[in-house]
Visitor: 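Before I ask anything, let me first share the structure, which is written out below as structure tokens.
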Amino acid sequence: RLEVGANRANLSGSMNEPLALTGLDVAFDLKSPRPESLFELLGLPAPQIQGLMLSGDLEHDGALWRLNDFAARLGQSDLGGRVGLDFAGKTPSVRAELRSSNIEVADLLRLMGPRTEAVAEEAAKEAAEELPVPEPAAGPDEPLITPDGVNRSALPDWQVQLHYTLERLRGPEFDVQNARLLGSLRNQIVAAALTGGGEIKGEPLRFDLRVGRLEESIAIIKALWPG
């Protein structure tokens, strides 16, 4: 257990081989009513955020990593769920089931810190003066987006399954409700579906966006996480 001012962190569990991080099964819980103090301790710019909470159970066994019962709250925004990574086969795989009851755009903007446009432009100018312009890379690297669309050969050779549900997303002029995202990457083929509704500038909003075919992805998600 660690306490720094009003910040509290609890860590419990086991680790068979600490140096290799194998046989890991650790539960963590962090509560910080004033998270800017944590950023200041680390020497980082401190965003003005009211309340930060993190918790979950991290497991590592051989080539498998799992993050179960994950929950995060930042201000009035939250994110939770479970994520699994498998590096055992030739093709790494990622499976994620995530959910949010509420996301406030204002919380995300605060996380970026109080940086004005003028400050950002000055920083970009200084970076451009200090760093040389890189030469175009030679070799097989190809752009992901081309005039003909998505370049499949530039996609990573991973297997990815994503299921994300969002009850509410609020911004200055919009309010999105009951959004759902299903996505997959298999054999360098992307499939995704995004649905939901709400309102924007007082007008009704409904969307149903689809790329590729998701029937196989939905079946896999239901098999992995029934219910």
Side-chain angles (χ1 to χ4, degrees), residues 1-88 92-113 158 160-171 176-183 196 220-227:
R1 180 172 181 172
L2 176 65
E3 297 184 9
V4 179
N7 305 302
R8 305 285 189 273
N10 292 300
L11 197 66
S12 62
S14 61
M15 186 183 302
N16 294 337
E17 298 183 27
L19 295 181
L21 291 179
T22 59
L24 178 70
D25 187 354
V26 175
F28 61 90
D29 184 3
L30 169 66
K31 295 181 181 179
S32 177
R34 293 185 61 253
E36 62 269 18
S37 61
L38 292 179
F39 286 84
E40 291 171 354
L41 286 173
L42 297 173
L44 300 174
Q48 299 301 311
I49 303 169
Q50 296 299 319
L52 171 65
M53 291 187 293
L54 289 172
S55 63
D57 189 349
L58 180 63
E59 301 177 11
H60 180 209
D61 184 8
L64 301 177
W65 286 87
R66 298 185 185 90
L67 179 59
N68 296 317
D69 300 323
F70 171 70
R73 176 171 289 276
L74 183 68
Q76 299 300 313
S77 303
D78 65 87
L79 175 67
R82 48 188 170 178
V83 180
L85 293 86
D86 186 350
F87 298 99
S93 65
V94 181
R95 303 189 304 270
E97 185 181 38
L98 304 172
R99 62 187 179 277
S100 295
S101 59
N102 186 64
I103 295 291
E104 298 284 344
V105 172
D107 289 333
L108 304 181
L109 294 177
R110 292 190 192 100
L111 183 61
M112 298 171 62
W158 283 50
V160 179
Q161 301 289 335
L162 170 65
H163 183 194
Y164 177 54
T165 55
L166 170 61
E167 294 183 17
R168 194 169 192 182
L169 170 65
R170 294 195 298 181
V176 175
Q177 300 177 14
N178 301 319
R180 184 188 187 200
L181 171 64
L182 283 173
I220 291 173
I221 289 173
K222 288 182 176 179
L224 292 172
W225 296 303

Visitor: So, for D57 and D25, which heavy atoms are closest and what is the spacing to 0.1 Å?
Guide: OD1-OD1, 2.9 Å
Visitor: Does atom CD of Q76 have more than 12 heavy-atom neighbours from other groups under 6.0 Å away?
Guide: no
Visitor: When you compare the side chain of W65 with that of V83, does any pair of heavy atoms fall below 4.5 Å?
Guide: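 Answer no - side chains too far apart.
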Visitor: What distance do T165 atom OG1 and E97 atom CD have between them, rounded to the nearest 0.5 Å?
Guide: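 If I round to the nearest 0.5 Å, the distance is 7.5 Å.
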Visitor: What are the two closest heavy atoms between A88 and A63, and how far apart are they?
Guide: N-CB, 3.5 Å
Visitor: Atom CD1 of I103 and atom CG of D78: how far apart are they, to the nearest 0.5 Å?
Guide: 6.0 Å
Visitor: Would you name the heavy atoms of R99 and G81 that are closest together and state the gap between them?
Guide: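 Taking R99 first and G81 second, the nearest heavy atoms are NH1-CA, 3.3 Å.
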Visitor: Under the salt bridge (Lys or Arg N to Asp or Glu O under 4.0 Å) rule, collect the residues that match up with E167, sequence neighbours excluded.
Guide: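 Expected list: none.
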Visitor: Output, in order, the C-alpha distance, side-chain angles, deciding distance and verdict of side chain to side chain contact (heavy atoms under 4.5 Å, CB included) for F70 and L54.
Guide: CA-CA 8 Å; F70 171 70; L54 289 172; 4.2 Å; yes
Visitor: Work out which heavy atom in S14 is nearest to a heavy atom in V26; give both atom names and the distance.
Guide: O-CG2, 4.0 Å
Visitor: What distance separates L64 CG from D86 CG, expressed to the nearest 0.5 Å?
Guide: 4.5 Å
Visitor: For the atom pair CG (L79) and CZ (R73), what is the distance rounded to the nearest 0.5 Å?
Guide: 11.0 Å
Visitor: Between L166 and L181, is a side chain to side chain contact (heavy atoms under 4.5 Å, CB included) present by the stated rule, with each step listed?
Guide: CA-CA 8 Å; L166 170 61; L181 171 64; over 6 Å; no
Visitor: Give me the atom names and distance for the closest heavy-atom approach of G75 to D107.
Guide: C-OD2, 3.9 Å
Visitor: Can you tell me how far apart CZ (R82) and CG (D69) are? Round to the nearest 0.5 Å.
Guide: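 Rounded to the nearest 0.5 Å, the CZ-CG separation comes out at 8.5 Å.
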Visitor: At their closest point, which heavy atom of N102 faces which heavy atom of R170, and how far apart are they?
Guide: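 Minimum heavy-atom separation between N102 and R170: OD1-NE, 4.0 Å.
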Visitor: For the residue pair H163 and R95, confirm or rule out a side-chain donor-acceptor distance under 3.5 Å.
Guide: no
Visitor: Enter the distance from L85:CG to L67:CG here, rounded to the nearest 0.5 Å.
Guide: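 The CG atom of L85 sits 9.5 Å away from the CG atom of L67.
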